[in-house]
Each structure stands twice: as structure tokens, then as C-alpha cells.
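Presented below is the structure to which this report refers.
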Amino acid sequence: MFRPVPSKIDFVQMEKDLLAWWDECGIVEKYLIRNDGSGKRFSFVDGPITANNPMGVHHAWGRTYKDLFQRYKTMQGFEQRYQNGFDGQGLWIEVNVEKDLGMTSKTDIEDYGVDKFVELCKERVRRFADVQTKQSIRLGYWMDWDDSYHTMSDENNYTIWHFLKVCHEKGYIYEGRDVMPWCPRCGTGISHHEIVTEGYKDITHPSVYVRFPLVDRPGESLLIWTTTPWTLTSNVAVAAHPDLTYVKVKVKGTGPDGGDETLYLVKGRLEALKADYEVIEEIKGSALEGLRYHGPFDELPAQEGVEHRVILWDEVSESDGTGLVHSAPGAGEEDYALSKEYDLPAIAPLDEFGKFVDGFGELTGLSVFEVARPIHRSLREKGRLYRLDQITHRYPVCWRCDTELVFRLVDEWFISMDELRHDIAEVTKKITWIPEFGMGRELDWLRNMDDWMISKKRYYGLALPIYKCADCGHFEVIGSEVELEERAVEGWDKFEGHSPHRPWIDEVKIACEECGATVSRIKDVGNPWLDAGIVTFSTLGYRNDKDYWRKWFPADLISESFPGQFRNWFYSLLTMSTALENTEPFLANFTYATLLDEKGEEMHKSKGNAIEFEEGADKMGVDAMRWMYSGTNPASNLLFGFGRADDTRRRMLIPLWNVYSFFTTYANIDGYTPDTPAPPVGERAELDRWIISELNELIRTATASLDRYDPQTAVREMDEFVERLSNWYVRRSRRRFWKSEVDTDKVAAFATLHECLTTLVKLMAPFVPFVTEEIYQNIGRNGGSESVHLEDWPIADESLIDTRLDDATRLAMRLSSLGRAARSKAGIKVRQPVAKVAFKLRTDAESDLLEQVAPQVRDELNAKEISVLDDVSTVANLEIKPNFQLLGPKYGRDVGQVVGAISKAEPSEVFRIVSANQQVELGEYTLEPDEIVVSATDKEGFSVIAEQGYSAAVTTEISAELELEGRARELVHQIQNMRRDAGFDIADRITTYYTGDSGIDEVIAAHEGYIRQETLSDDLIKSAPPEEAHASSHRINGLDAALGVVVNE
RNA sequence: GGGCCAAUAGCUCAGCCGGUUAGAGCGCAGUCCUGAUAAGACUGAGGUCCCUGGUUCGAGUCCAGGUUGGCCCA
């Protein structure tokens, strides 16, 4: 006996019950060790999830992929490491801890104590790692949760030290000075990666036009434009395009003294002038080179000794501004690059908090965000301000705290990419990228990237093991904790026992190998992508257990969402593996796009369209979520929401459940168990052989799909299989299960359906681990494993695949559909038998196929006879008409004769030719098939539907005999409904009472046996029903009948 | 400015190596079926497969150019 299965199921409750059961029976533990020592290995290395917040439904998408690929490989017997990773160092964490503590700047951290602050950071990581672990378990993600790695671990940090040491030995590490985007609040540089990922906003800034008076041409000024007036303090040059045309103009009455003035600007931007002007002269940009001008803030000490002049630059544009670009090398990126070319001084105005440093007069000590007014005032007083507007433009902001970025001249540490760039590209090309265009994206990034900036002036993160001597300037990189201890000259005792984080690590000092001075570590921490990029080494024992590392490196698979990762995680993995081993760190990379809401918009908590993971899990059920995730095209954005989840459940999970429920119900009635001997597949009914053939094809295609990391195709095939199983196999087989006696055919049907369900749940188990386990536990165990997830992946039996039978059955489905359409058109319901349905097929071969499956079609369409038509004209009136739209242009005034020829032709003959898509010869004209329009109207007595070369014709005349039979079926239908309404068990035997029109007697007289058998009526009694009967009145195809049913003892 | 990706029904998407007459789900309108069905089936309306050229016996599919959108780089 199988456990009875309700037809309605609360999937969410079922999932929770199974989580408890798995836990109780230790199934996950058994799964994790299932393949220990197996000869086959599959190495998956997890990309660490940032343990800074609860995980979202977008993480659940990625984790579903990770889980399903690993589950698939587990079922196939591959030994695996099931190690999840948490990412927990860096600015993300710091910012959240700062928020929790109500901090607003770096000095707050110093005041609070770096040691306590770092401990809080670690604690936050541990807290959210726990949250994410619980969420992942709810998702059905089976990992070795006690063995998750952390990027903040000592091993991870020290392995990065080793990497940096290797880089240093190869001469890649250098300290560079550069102008970079800087967040004044976080007090740290922001890499370009971070800006392009999420860091732009529309911001309104002043749009300032300023006069730079020419030294050698009194009364004449360059007109420049800027949206960052604070940078004017550090101006050293003006750039002009060598090839653009500039103009010298006289402007009426705009001078500082109210008189006329002479200005220079690019010809294409004359609209920037605020009054009438007269062009005095046109000048090529190159002619402006070397002109000296008075800077806007020459009075400041910081400007002392600077000689301002015009330089040339190809990047100057005419699309905004004045074509004369103010250049401040200490406060702008391109400006800095240009200054190196022209050997200009760089004046750096800001400290790390964005405040003006000494030498800037009244501005010194003010924040960059406070100086707009004093600067405007100063310019106005000096007669330099020409015009002040506002402009709203895209401007970079800090991706964590939304503070506007500034550009600042800083000293940072870099890994040079000059040599590595090519090697990384070669490694990249050896990897399988899914989708394929991933490789192109990675290579594109590698071509364009700058040197890797690895330092950050923060507190909680990798302690960069760089020791730079303050005395002689020499620097070294320490490669391990052992080396540090050996080199330590003080502070080791204070550090020992702590993680290699600030502030403890900085107790340790070493002696400079050049000059012997005591050297401290630089204050900087590392770029967090160092942390994540090292994991194919750090988590696989690279430093201490090379054999283990060789066993699991490189990873067979990694998988992450692609936005951002090509220049982040993938890049750092590739770089580190190339530098250390010059080989690929992973063999395949399965990447996927972005999760959006159902309308295609980004999910944001503030927008209110975000779905929390728990909410999704509890409302949709995670199986529905997982099926939806798995079935999507990973290269396209996924539109995710409750509507789609409902859809998925209704289309897949409920039909599957219904088939399962159907099976258990009837198996229990008949006492069928998997042990019941069943005939071999070859001796079973055609339907059985067909669905078994489909099943084995499914195994084959699903396996092939997953082998190429294509879950979407596997999902689609499974969807189709369930559709066929439910809507053809079970539908057509119902009678076989329903009949009273248990014969060989019935056992074969049970065995077939059981085989389909138990195999299907194995195939689906990696995708939807809950519902498959539920079904497996009830009907699939049978001496197999303790859990479906400990089962072997099915292997297709090619000998059971019968493609001819597949074709025949699909033809039967198609013709049935067409026949139903023809009945529908004639208004004859399927319960009413018809004499005949005739089909026109496309090929002769199909006639043979139809012969094979004719009984299925006949039964499905409730027809007494099925036949094949050679000629549609026997059942339909054909008319042929000229297609004037085509014939008109082609024949011009001869079209009348063509029409005449068509009208004389024999329609059925023309129809035959046109159907074959051949030219029609009509007298002297040869017509193309589409030049003739053929239409068919039903002949008396037939209802015809034609579609794609097939036709179905249903006889519409219902004889008295057929009418009687139709009534019998209607009567059965009504009695069945009454049984259900009365709450009888499916197997209850009953007595049926009836009274009514005399026509009812006729029906019963003719079909008593049939009615009794179908309704399980032992007796069919003509009388009013007794009191206790379930009774009601009906119209049976125009006849009145009163019916009553009673269960027999 | 450069690179990558996409464009198919009202919406969301399939469409494998180029092969007859382009499909599904949802939505809408209507009908039917059901003792597995909080289901299902059928019908109808709805398509310039973004445009223009090319290759080919044959192009939604391949090539070139363009348009629009997205992502990335500068």
C-alpha cells in the first residue's frame, strides 16, 4: 500500500516537513559522503557570497544553479567538495558597521578604536553568514555548511601574501602616484570598477564660465568653463584642440567694468556668450599654444611660481563648454595624464577627507563641498566670473554611501599588468565560457584594464604585507606568517594569537634589508577582490597540502552572475592563477544575467518591488522558485515574481502531483505494488511502450543538456514530458486503470506509470529537491536508496526508444486535436458518439502511422470509425478563386482571361495541385500556387477543419442508435457526478434508482450493462430512491430523469 | 568613439546544423471535457520574425550595412 495522496497539496508545508525529515535522518550528511573515494571527481569552487546582509532572491537564482549542477554530478557518482564560501573583508562591511554605530567619518573609527571596530566587522560577517546559511538550507541547497570558508580567515589572507610576494619577485608591485576618484566620507579611493558598476547619479552642479586674462595681450581673456569650481584653485594650464577653429570676439558691455571685452573661445560654442558679439578673428587652436595667462587664484601660496599657459590636447571637444579646458593636474584624472606629457606641476588641494590643505588661504580647512560660495565671490571680486549657471549631469558617487566623489592625487600600490596582460588572456582562452560571449567580454576587459590598484586606505581588510622603509624608501613584501616571524624585530609577541588584521598586525616591525632601519607595514588594506580571487588556492590547501590542491585544482566549474564579475571575481581569479601557476583556475564558467521584477525593473527595497527570500520561499515554495530559475535562459535577464511562480506551479508541479495522486489512488484500490510482476515492456500496450520510449528519450536529452551545463533545455524537455504523460498517457489510459478486473494489461499500465514517475523524480531531483523526495519516499524507494538524492542518475535504455511509435503517437495527438476542433465547430460534444471521422494526411507514410494508433484516436474522438481521405472534395465543397493581388500586377489587362481559365478548371484537381504547392497549368497560363486561393465549405453532413496540410472531417448526422448511446454516456456522467457529490469512495459499489421520461427506459434497456459497469452500480432500479439516497433531477440530452444513488453494504 | 549582446503575437519567451505552412505560456473572447485535475483540451482574434541589401534551390536562422534598446570600455 502506498500512503494515500491528497489531490490538493500545500507545497510550502511539504517542503518544511521534508527539511525536518532530512535533518532527522541525516540525509544531507549521507549525500555529502556518498561518493567519497569514488574514482571520478568534480571540482566546484564556490564564489564567496558577501556576508553582509541576508541573501536575496537573486542569490537564490545563482545558488539554484550551483546546487543543481552539484546534485547532478553527485547522482552520477562524482566525488565532490561541497564547500560554500563567505566573503567578509572590506569596505562593504565597514560601512555597515559604521552605520550601526552612527559614525560619519574615519576619525570616528580611530576614536572608537580600530581593534574594537575590526572585531565588530568580523562579528557582523559571522552573523550574516549564519543567516545566509539558514536561508540556503531553506532553499534546499545541500552544502557542507559546517565547512564554509571565509575570506577573512588567516589562511586566505596569508595565501594572498604569498601571491603578492610572488608578484613582487617578478617585479610587478609598485607604488604609484595617480589622480583617482576619491570618496571624502569613506576617506578612500574608489576604483573605476566600482564606479562603472553602480556609481553614477544625476547631480546639479554650478556651471561656471571664467575669464583667464592673457598676460601679453592686455584686455583680452580666454573664456573657460568648469562644473567643478573648486579645481580652479589648482589650475596650471588651459588646453585647446590643435585642429578646431577658435575665435577672438568682441562682446558688448559684458566686461567687469561694464565696457566691452575681448574673449577667446571655440567657434562652435559661441552660444556660451551672454551678449551680442562681433567676431574679430578666426584662429586655429594650434596657434594658441604657449599663450600665457593670469590664473584664477594666483594670490594663493599654493600657486606660487606656477606659470600658466595654453597647451594642446586632442581630446578637447566642441560639444560643451568653450573649447578651452581648464586643467588642474592635482584634481583631475585626464589633467594629471596631460601634466606628465607637458611636465606641468600638480597642485593637490585636498586631504583624505576632502578638506583644503594649507596654502589655500581662506579655503584651507574647508570641505570641498563648502567652497562654492567663497570661490564664486572671489572670482567675482577679481572680475574673473563671466557667467554662472547650473547644470544637471551624470556624476560619479560613492557606491556605498552616495557621497559625491572628487578627484585626488594619491599614492597607491599597484600590480603592473604589462607582462601579465597577455598571459592572462592566453589562460582565458583555454576556458569554456557559458554563454560563449563571456570569453569575449573577459578578453575585452583584459585589453582595456589598467594596472590593478590593490591598496585602500581603510581599516578592516587584508593587511597588505608591504613594508616600506621611511629612511631609505626601499620596500619589501612579506610572503607568509613564518617569514614575518623570522623578520620581526619587535612586536611579534603582541601580535601572536591574533588574526593578521589591523591593528594587531601592525605591532610587528621588521628591519630594512637595505639600511637596517626599523620598518612598519604600510597602513593600507587590500582590494577585496584579492580576497575572493585567491580561493582556488587558499581553500584547496595550496600552501600546506599540495597533493590535495592538485587533486581539486583547477575547478571544473565556477558560476556567478556576470554583471561586474568579468572585471572583478573572474579577473582576480585569472590574474592570481596566472601569476602563481600560469594556468587556468577553472575549466568552465557558467554565468547568468540579472534578476529583475516582473515588469522588468530592477528590484529595490526603496521602490517596494523587492521580494525578500523568506517571503518568496513561504509564498511560492522553493521548488517553484527553483524550477523557474532553472528553466530560464541564463544569458537573459530573469523577470521574477509571484505571478510567474504561480504559473510555474500550475504548469508543472500541480500536473505532476496530479499524476502522482492518480497513480497512488488506483494502485491502492487494486493492491498494486512495485513488486507485482509485470510483463516486459515489449509485451505491453502501445501506449505503455510509447511513454517508456519518451521517457528514455527524456533521460538521454536531459543528460546531454546537463553535461553541457544547459539546464534550460532539460527543464523544457521535462515540461514536455509531464505534459504528454498527463494529457495523453494518463488521459488515454484512464479506462485501463478504472476497469474492475486486475489483468495483465492493468498491471502493465501500473508498472509503466510507476516507472515513469520514479524515473522522472530522479531526473527532476537536482532541480526540485522537495516534491521529488516526497514522491520518491512514497512510491519510489522500493529497495532503492534512503532518499531520491542518494539515487543514481538514470541511464537511458536506447533499445526502448521507438521513434516510429513516437511519431505515430504525436500524429494521434495532433489528429485528435483537429478532430476535436471539427466536433467543436459542429457543436457536437465528445460524449455524443459520431459515426465517422475521416482525415486527410500529408504523406502516405502517415497513413501507416495512423493505422497503428487509430484506436487511440477513435476512442479519443468517440467515433465509430476512423478513415483516411484521399480527396478532401468528398467531404467539402471546394472553391477556387483568383488572387488578384498577385495576378493583377503580373498579367495586367490579360487578367480577365486568366480568371476565365480558373473558372473553367476542376476545383478538386486544382486543389490537389495547389496543396502540393505546384504550378497549375491552365491552358496557356501557368499559375503559381499562391496565385489561386482555395477555400472549402463543409458539405452537408460533414464538419471539416483543415490545418497545415491535415484535414479532419466529422460526420454530423447522429443516428437514433448513436443518440441512444450518447444519452447512456450522459447518464453515466451524471451518475458519476452524483457519486462524487455524495462523497462516495471511488471503489464503492452502489445501487442506482431512476424515474423519468420513457426515453430513459429505452436508454437503460439498450445500455444497462455499460451503465452499471461504469458507475459501479450492482443494481439499476426503476423506482423513486429511498430516503437515505443521494438524489437529484437531470436533463439527459432533452429527457427528464430523476436519479438516486445509495452505497451497497 | 570602440567592443559585446539583444530585437519573433498585447506581455514573457522558445525556435537545435539553413529545410515544408514560425510555436508555447499568460492575457482576451467563446466552447468543450473531467471519478487524477484549486486542473485540462479546443477554437478565435493577435506576426512586416526591427530595416535594407547579399549568399543560397531555400533565410526568423548565415553575411554586410543600418535602426532601436541593454551591458561594458574609453
Side-chain angles (χ1 to χ4, degrees), chain A residues 5-10 192-193 196-197 315 317 334 435-450 562-564 566-567 593-594 598-600 631-633 635-639 641 643-644 646-652 654-666 669 701 705 710 712-713 715-716 719-720 723 726-728 730-731 733-734 737-738 753 813 816-825 827-832 842-843 860 862 915-917 929-930 945-950 972-973 975-981 984-988 1014-1016:
Chain A
V5 176
S7 63
K8 292 179 187 179
I9 171 74
D10 178 348
H192 284 108
H193 317 177
V196 291
T197 311
E315 301 294 312
S317 106
E334 291 165 321
E436 284 175 26
F437 63 74
M439 185 191 290
R441 290 217 177 164
E442 192 62 54
L443 291 174
D444 186 50
W445 165 251
L446 292 173
R447 272 192 296 276
N448 291 302
M449 69 186 176
D450 298 323
F562 52 64
F566 288 102
R567 55 168 183 273
T594 305
E598 276 180 305
K599 292 180 199 147
T632 195
N633 176 356
S636 306
N637 293 340
L638 166 61
L639 275 50
R644 275 154 199 273
D646 290 343
D647 207 46
T648 304
R649 190 180 318 104
R650 211 170 57 221
R651 260 192 17 254
M652 181 61 179
I654 289 177
L656 173 68
W657 190 265
N658 288 334
V659 173
Y660 162 60
S661 168
F662 173 90
F663 170 79
T664 50
T665 304
Y666 286 96
I669 289 171
T701 54
S705 303
D710 175 10
Q712 186 192 18
T713 299
V715 163
R716 196 165 28 247
D719 274 336
E720 270 177 35
E723 147 84 19
S726 170
N727 287 326
W728 194 258
V730 172
R731 183 188 167 89
S733 298
R734 230 168 359 206
F737 293 104
W738 178 231
L753 188 52
M813 288 188 246
S816 299
S817 152
L818 210 55
R820 277 194 295 266
R823 290 186 73 113
S824 167
K825 183 175 156 195
I828 305 171
K829 50 173 94 171
V830 176
R831 266 198 299 275
Q832 174 60 58
R842 289 211 283 223
T843 63
E860 182 66 22
N862 196 12
S915 300
N917 209 22
D930 58 355
I945 291 281
E947 181 188 285
Q948 305 219 325
Y950 297 102
V972 166
H973 171 61
I975 296 171
Q976 300 285 35
N977 282 342
M978 289 174 70
R979 285 181 59 111
R980 182 163 44 171
D981 293 344
F984 296 170
D985 190 83
I986 288 173
D988 282 343
E1014 289 295 309
T1015 61
L1016 296 186

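Predicted, not measured: the structure shown is a model, and the values here were computed from it. Quick note on labels: first sequence line is chain A, next is B, and so on, each numbered from 1.
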With a non-hydrogen cut-off below 4.0 angstrom, is A:Ile975 in contact with a base, only sugar-phosphate, or nothing?
nothing
Counting any heavy atom closer than 4.0 Å, what does A:Ser726 reach on the DNA or RNA strands: base, sugar-phosphate only, or nothing?
base
Of B:A14, B:C4, B:C72, the nucleotide closest to the side chain of A:Asp444 is B:C72
Where does B:C33 land, syn or anti, once you apply the within-90°-of-0 test for syn?
anti
Within the 4.0 Å heavy-atom criterion, would you say A:Phe984 contacts the bases, only the backbone, or no part of the nucleic acid?
base
At 4.0 Å (heavy atoms only), tell me whether A:Glu442 reaches a base, stays on the sugar-phosphate, or touches nothing.
nothing
Under 4.0 angstrom between A:Tyr660 side-chain N/O and B:A36 OP1 or OP2
no
Only pairs with both distances under 3.5 Å count, Watson-Crick or wobble alike; so what is the partner of B:G25 in this structure?
B:C11
For a quick check of understanding: with a heavy-atom distance under 4.0 Å over all strands, which category does A:Asn448 fall into, base, sugar-phosphate or nothing?
sugar-phosphate
Please classify the nucleic acid contact of A:Arg447 as base, sugar-phosphate, or nothing, using heavy-atom distances under 4.0 Å.
nothing
Would you say a side-chain N or O of A:Asn727 is under 4.0 Å from OP1 or OP2 of B:A41?
yes
Remember a base hit wins even if backbone is also touched, and classify A:Asn633 as base, sugar-phosphate or nothing at under 4.0 Å, heavy atoms.
sugar-phosphate
Would you say the side chain of A:Leu753 lies within less than 4.5 Å of the side chain of A:Phe662, judging by non-hydrogen atoms?
yes
Would A:Leu443 and A:Leu446 count as a side chain to side chain contact (heavy atoms under 4.5 Å, CB included) if you check the C-alpha gap in whole Å, the side-chain angles of each, and the deciding distance to 0.1 Å?
CA-CA 5 Å; A:Leu443 291 174; A:Leu446 292 173; 4.3 Å; yes
